[in-house]
Each structure stands twice: as structure tokens, then as C-alpha cells.
Asker: 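Sending over a structure as C-alpha cells; questions will come in a sec.
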Protein chains: 2
Amino acid sequence: MSIQEKVPLRGTQGGTDAADRVADVLLLLMDSPGPVRVSGVAAELGIAKSVAHRVLRSLVSRNLAEQAPGSSGYLLGPAAVALGAKAMSRSKLENAAAPLLRELRDRTQETTLLTRPVAGGRVHVAQFESPHHVRMTVELGAFRPWHAGASGKILLAFAEPEFRERAIAQEAEVYDLGEEAIAALKRDLEHARERGYVTSSGERNPDAGAVAAPVFVRGVAIAAVSVCGPRSRFTPAHAERIAPMLLNVTQRLSARLS
Amino acid sequence: MSIQEKVPLRGTQGGTDAADRVADVLLLLMDSPGPVRVSGVAAELGIAKSVAHRVLRSLVSRNLAEQAPGSSGYLLGPAAVALGAKAMSRSKLENAAAPLLRELRDRTQETTLLTRPVAGGRVHVAQFESPHHVRMTVELGAFRPWHAGASGKILLAFAEPEFRERAIAQEAEVYDLGEEAIAALKRDLEHARERGYVTSSGERNPDAGAVAAPVFVRGVAIAAVSVCGPRSRFTPAHAERIAPMLLNVTQRLSARLS
DNA sequence: CACGTTGTTCCTTTCACCGGAACGACGGCT
DNA sequence: AGCCGTCGTTCCGGTGAAAGGAACAACGTG
């Protein structure tokens, strides 16, 4: 255990010493079984007590650390729990989805995507690319609106009704959607809810088509899985052929996560 | 979700802006469902891209963040998982122990302690104080050697034999223990292993007495629970009366943690 | 082609922050 | 009682670490 061992000096690639120190303090709190003193942090990291104190105060202000009750020693705080839970939860969803999406990619020979809802829209968080030279690819992490694209629509279709109404209203405003477009969107969402999947053709990208279905955890749609490709291969009829395979995957993933 | 919402400006009490920024980047990674871009971090926190990049590089150098495969976006890294697990594990042991130690305190009217092993000794990590005006209290987080005190002895008694031999040898050297003291210590430890608890009187503090027993998880002693008080009340006979209550608590805690 | 955005690197300037010092509190020892 | 050492916390001055603007190559879109 590391209380009595010096933390090895580690450089940084492109970071700063000050930021390194914050990370090191967090890791020290992690390595210590009980409350850590300001003087202990200072000694371990070879910094002044006042520096150690300041870093700890910043961590406390963000709930990443806290002072142990009845002590002036510091411990990891509630936000550290949330951080770990998030890091684990991200791994859990993507780890569970990866083999299934890879298999779906292999069977369809088209690009498969995992997409998650964020405020105001969605984000693609994983992709498995088609082996074809001409294929559809997306930029992971980039924000996308709800209304254009299969995965956006499927997430919206299976969202809470109140949330859905609000999202449609906001998106109408931000993207200047007319009455006809809104009505068409609502019909699409109704249709999606009946079938459990949605197809799109040329909406986000005029050269692309897609089919998407939701992943549920305890009845809540937490992600979408989609298959997409260039319009030349991804005809509406092709999308309908792919749908059962897709639903099979989303059902297995949903079961695995519950 | 917070990608589209500005992170609220939060001051710090005694910290620094630079350290706050590191914490804020971590929390932003936590709040984002997918990879976060340098430019996204910069926009959210209202800092320059180069600053955001540097903080992220520092976090990556400590495995608190990583770049998503096939993307230049950043995610929480493996050390964040460990951090959360540690924060949770600390909560788990102390959360499980708290009601039992409180109950033991209430029944004995003496101070109860939770103590954990660290390199070279032990650390008190939680205490529930006696309601008496004259009572025993300890400083949480302060390092203590093995050989002086009931909880140190109980942890040593139930440690791996190899570890125990090494610890005794080291402690003999550091604290200049003579042959007689070592022999007496070994007899104490043998006695402790036979009975499952250990009593002490006046060893760490000439005015105090204590009785301690180990907490096991999967056959490994991971902590000690002890009851301690002033010698005037905490006679050896009194310690023997407390021992069954203490063993009851450690057994329930061990069961709860397994 | 032009334009916009991106992540990453470089360089100048400056002020945020490091670290030493001070201080009150506490505990141990004589 | 006094003295000493250690502690966490706060203060303050000097300076160099770091913020931030700029540059740049890469990429995507029209």
C-alpha cells in the first residue's frame, strides 16, 4: 500500500504540472484506505502544504473530495462515486453492444452504430464500419438533432411523451421546421412506435439510408442501434430485410443490460 | 443533460481556478454520454481550446481520461473506474459498519472504532464516541504501528503468517523492540488467534483500555472493530464482558460484507 | 476552389499560483 | 506550568508556469 511509498514521478504529454498535481491528488486519495492529511499529500507528492491544501479545496468544491467527519483528513467525495459509476456504465453498455453490433455489421455488410440521447439531440458513441469501399461513416461524439435521421427519430419515438412534445417544439424553433414538416415528423414517430423500428432515406445525408431500433433498460429507451449505408445499396426494400436482424440485436442487447 | 447547458459558474473555497478547471473537465466527461471534443470542453467551460487540450492531456497521462478508439474525442479512463470503485468500496465498508458500531457504542457506552491496515501499520477510519464526559477519542486517519494497541494486534494476529513475520521484524527495528518485547508480542498474537479477540490496557495510552476483533471478507481480515475507554472504567474484567458483544458485531459485519 | 471547424503545437505576455512564512490549535514531554 | 513539534489554514510577494491567441495541417461541405 502506498501511504509509505513515494508516488513515482510521472511526466505528462502535453499537459501541465498543475493539472497533473490535481490528478495525482485524486489518485492518492484513491490509494489511501482512510482520511489523508494535507501534510501527507504534501509529503507524498513533494509539494508545499499550501499547494496540497489548495488542490484539496478545489476537489472539495466539486464534491470529488470531502473532509472525513470528525477529522481534518480528506477522502474521495460523492462525485467520485458518480464518476466511477459513469465510467463503468459507459463500458458496460458499449462492451455489451460491441459484439452484437459487430455481428450485425458482418451479417449486413453495412455500417452499424450505437447512438445515445443527449440534451437537445443525440450522439453516435460507437460504430462498426462496413467492409465495402463505398460506405457510410459518422463522426463519433458529434451532436445531431432528433428529427433528421433514423436513430434520432427512434429515440424520440420511444421517449416520454412530455419530453417528446418539448423536443419537437424546440427543434421546430431551432431548425425552422414548418407545420407540414412537424406533422410529417409526428406521423413518422407514430409509425415507428407501431413497428418498433424506423427507416430513413436521404434525410441527414441525401446519399445515405438507415434503419434504427431502440435499446431498452427497464422500459426506458437508453440508446439506438442503427444500420446505415449508401442509397445505392440501402434501398427501402433492403432496409425492410435488415429490420428483423436489427430487432433481434436490440432485443438481445436490451435483455443483456437488464 | 449537460452538453447543451453551460456548466454553472462555481467558486471555490480556498482552491485555485486551475485546479477547479481540472475537476470541471472530469465532471464534464462524467456528464457526457459519448466522446467529448477538445472544442466542446473549451466551449462548455469557457476556456481556450489549448487550455482544454492541456487539461485533457494531463488526465490522459494519469489514465483518468482516454481518447475514444477511432475518434479524437475524450472519455473517462480506467483510473476513473478504479476511483469510483474505491469511493464506493470505502462507502460500503463504512456504511455497513456504521449502524453496527453505533449500536455497539450505545450498548457499551464506550467509544467504538473501525480500523484498517495500511503499509507498516494501521489507521483508524471511523469512530463513534462514548456519551461520557471522560471518554477515549482517536484521531481519524493518523498512522499507528501494529504492536501497541488492541486493533493493531488483532490485525497482525490474523494477517498472513509471512506478512506478520515481516511486520514484526520491521517494527522491532523501527521502534527498537527488545527480545522480550517481541516474545511477549508473539504470545499476545497467539492468544488473540485462539480467542478471536484481544484486550489491551495502557499500551498506547496509559490511561486507556480496549478490546478488538477482526472483520473478515472471504477469510481475509480487512479491518478491526474495537471498543475503548479510560482505564478507570475499562478494567480487564469489563473488557471480557464486552468481548461477546464485540464478536457479535464483527461477525454480523463480516457476514454483511461477504 | 473557398470556407469553416477541428485537434494540436508554438510563442508571448502576464498574473495566477507556488511556496515560504505566520498563526492558532493541539498533543506530548519535562 | 512552559517548551517544542506538528498540524491545517491563511496571507503575501515574486516570478515563471500557464493562459490564450495564433498558426497550421487535416478534413468535410458546398
Side-chain angles (χ1 to χ4, degrees), chain A residues 11-25 35-61 65-68 70-75 124 135-144 148 202 204-208, chain B residues 11-25 35-61 65-68 70-75 124 136-144 148 202-208:
Chain A
T12 189
Q13 275 197 320
T16 65
D17 289 348
D20 290 347
R21 275 191 289 269
V22 176
D24 287 333
V25 171
V36 179
R37 303 142 160 287
V38 173
S39 51
V41 171
E44 284 291 327
L45 300 184
I47 56 180
K49 276 196 299 179
S50 51
V51 174
H53 188 248
R54 278 195 288 263
V55 173
L56 286 163
R57 296 316 307 176
S58 283
L59 293 176
V60 167
S61 80
E66 64 184 355
Q67 286 191 280
S71 161
S72 48
Y74 291 79
L75 297 165
H124 299 306
R135 62 183 172 243
M136 172 83 180
T137 65
V138 301
E139 188 162 359
L140 296 179
F143 171 78
R144 300 278 183 256
R204 263 223 42 90
N205 184 331
D207 299 322
Chain B
T12 190
Q13 275 197 320
T16 66
D17 289 348
D20 289 348
R21 278 192 288 268
V22 177
D24 285 335
V25 171
V36 179
R37 303 144 159 287
V38 172
S39 52
V41 171
E44 285 290 326
L45 300 184
I47 55 181
K49 279 194 299 179
S50 51
V51 174
H53 188 248
R54 278 196 288 262
V55 173
L56 286 163
R57 296 315 308 175
S58 283
L59 293 176
V60 167
S61 79
E66 63 183 357
Q67 285 189 281
S71 161
S72 48
Y74 291 79
L75 296 165
H124 298 305
M136 172 81 179
T137 65
V138 300
E139 188 162 3
L140 296 180
F143 171 78
R144 299 278 183 256
E203 289 181 352
R204 265 231 30 100
N205 183 329
D207 298 322

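The model shown is predicted, which means the values in this text are computed figures rather than measured ones. Protein chains get the first letters and strands the later ones, always in sequence-line order, with residue 1 at the start of each.
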Asker: If I compare all heavy atoms of A/R21 with all of A/V55, which pair ends up nearest, and what's the gap?
Answerer: O-CG1, 4.5 Å

Asker: Rounded to whole angstrom units, what separation is found between the NZ atom of B/K49 and the P atom of D/dA23?
Answerer: 13 Å

Asker: Scan nucleotides 17-19 of chain D against the protein and return all N/O pairs shorter than 3.5 Å with their distances rounded to 0.1 Å.
Answerer:
residue : atom : partner : partner atom : Å
D/dA18  : OP1  : A/D17   : N            : 3.4
D/dA18  : OP1  : A/A18   : N            : 2.7
D/dA19  : OP1  : B/R21   : NH2          : 3.4
D/dA19  : OP2  : B/R54   : NE           : 3.3
D/dA19  : OP2  : B/R54   : NH2          : 3.2
D/dA19  : N7   : B/R54   : NH2          : 2.9

Asker: Between C1' on D/dT9 and OH on A/Y74, what's the gap in Å once rounded to a whole number?
Answerer: 8 Å

Asker: Rounded at 0.5 Å granularity, tell me how far CG in B/L45 sits from CG in B/D20.
Answerer: 10.5 Å

Asker: Quickly work out the A/L45 CG to C/dC18 C1' distance and round it to whole Å.
Answerer: 15 Å

Asker: For B/A19, check side-chain contact (heavy atoms from CB on, under 4.5 Å) against everything at least two apart and list the hits.
Answerer: A/V22, A/S58, B/T16

Asker: Verify side chain to side chain contact (heavy atoms under 4.5 Å, CB included) between B/V25 and B/L59, making sure each step is shown before the conclusion.
Answerer: CA-CA 9 Å; B/V25 171; B/L59 293 176; 3.7 Å; yes

Asker: What's the angle between the local helix axes at either end of the helix from C/dC1-D/dG30 to C/dT30-D/dA1, using five pairs per end and rounding to 10 degrees?
Answerer: 30°

Asker: Restricting to side-chain contact (heavy atoms from CB on, under 4.5 Å), what partner residues turn up for B/V38, sequence neighbours left out?
Answerer: B/K49, B/A52, B/H53, B/L56, B/Y74

Asker: Working to the nearest 0.5 angstrom, can you tell me the gap between B/R57 CZ and B/S50 OG?
Answerer: 14.0 Å

Asker: Would you mind reading off the distance between B/H53 atom NE2 and D/dC24 atom C1', rounded to a whole angstrom?
Answerer: 14 Å

Asker: Nearest to the A/R37 side chain among D/dG8, C/dT8, D/dT9, which nucleotide is it?
Answerer: D/dG8

Asker: Ignoring backbone atoms, establish whether A/S39 has a side-chain N or O less than 4.0 Å from OP1 or OP2 of D/dC7.
Answerer: yes

